[in-house]
Amino acid sequence: VQLQASGGGLVQAGGSLRLSCAASGRAFSNYGMGWFRQAPGKEREFVAAISWSGGSTRYADSVKGRFAISRDNTKNTVYLQMNSLKLEDTAVYYCAAATKWSQFWDFDMDYWGKGTQVTVSS
């Protein structure tokens with residue numbers, strides 16, 4: 001599976017962005033999908049995940065109520081809608097694929113995409 005994230009950019013605090021991650025290769029719907037982020041000088045952290053069917057989602061506490069993950073298996077794409085953005089959301093955002101929930105907590109993903117930069121300004 002090859003993953004390509006897009007949709008990052010510069011946005012003011014309180015604004016919104018929608019990230020997309022397009023997958024190609026092996027059956028997209030076999031994989032749970034997730035978003036991670038890494039801010040300068042910090043370790044990569046989990047942001048959100050969605051099951052292969054889209055029926056289950058998980059969020060980091062820091063983004064609950066502000067971010068929403070979704071997927072469209074007909075388009076092999078996963079999305080991350082980010083609202084009420086804060087300065088601390090500034091990071092490179094990565095999408096990733098895995099077959100088991102446990103892999104998300106261990107950062108042991110099967111596939112990683114290249115990141116997309118999100119910068120939130122005051």
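Just so you know, these numbers come straight off a predicted model, no measurement behind them.
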Working to the nearest 0.5 angstrom, can you tell me the gap between [X] [atom1] and [Y] [atom2]?
{"X": "Leu17", "Y": "Gln81", "atom1": "CG", "atom2": "CD", "answer": "8.5 Å"}
{"X": "Met82", "Y": "Arg18", "atom1": "CE", "atom2": "CZ", "answer": "11.5 Å"}
{"X": "Arg71", "Y": "Ser29", "atom1": "CZ", "atom2": "OG", "answer": "7.0 Å"}
{"X": "Ser51", "Y": "Met33", "atom1": "OG", "atom2": "CE", "answer": "12.0 Å"}
{"X": "Arg58", "Y": "Ile50", "atom1": "CZ", "atom2": "CD1", "answer": "11.0 Å"}
{"X": "Leu10", "Y": "Gln117", "atom1": "CG", "atom2": "CD", "answer": "9.5 Å"}

Closest heavy-atom pair and its distance - [X], [Y]:
{"X": "Thr116", "Y": "Ala5", "result": "CG2-CB, 4.1 Å"}
{"X": "Thr77", "Y": "Ala22", "result": "OG1-CA, 4.1 Å"}
{"X": "Leu3", "Y": "Ala23", "result": "CD2-CB, 3.6 Å"}

Side chain to side chain, Val78 and Ile69, heavy atoms closer than 4.5 Å
yes
Within-4.5 Å side-chain heavy-atom neighbours: Thr99 and Asp110
yes
Quick one: hydrophobic cluster around Val92, which other residues, with the 4.5 Å side-chain cut-off, linked directly or via members?
Phe36, Phe46, Tyr94, Trp101, Phe104, Trp105, Phe107, Met109, Trp112
Carboxylate-amine/guanidinium contact Asp108 Lys100, below 4.0 Å:
no
Going by side-chain contact (heavy atoms from CB on, under 4.5 Å), Arg37 matches just one of Val118, Thr90, Leu19, Val63. Which one?
Val63
ring-ring contact (aromatic ring centres under 6.0 Å, His included) partners of residues 57-79, not counting sequence neighbours, each pair once
none
Residues in side chain to side chain donor-acceptor pair (under 3.5 Å) contact with Asp61, at least two apart in sequence or another chain
Lys64
Trp52 backbone acceptor or donor facing Asn73 side chain under 3.5 Å:
yes
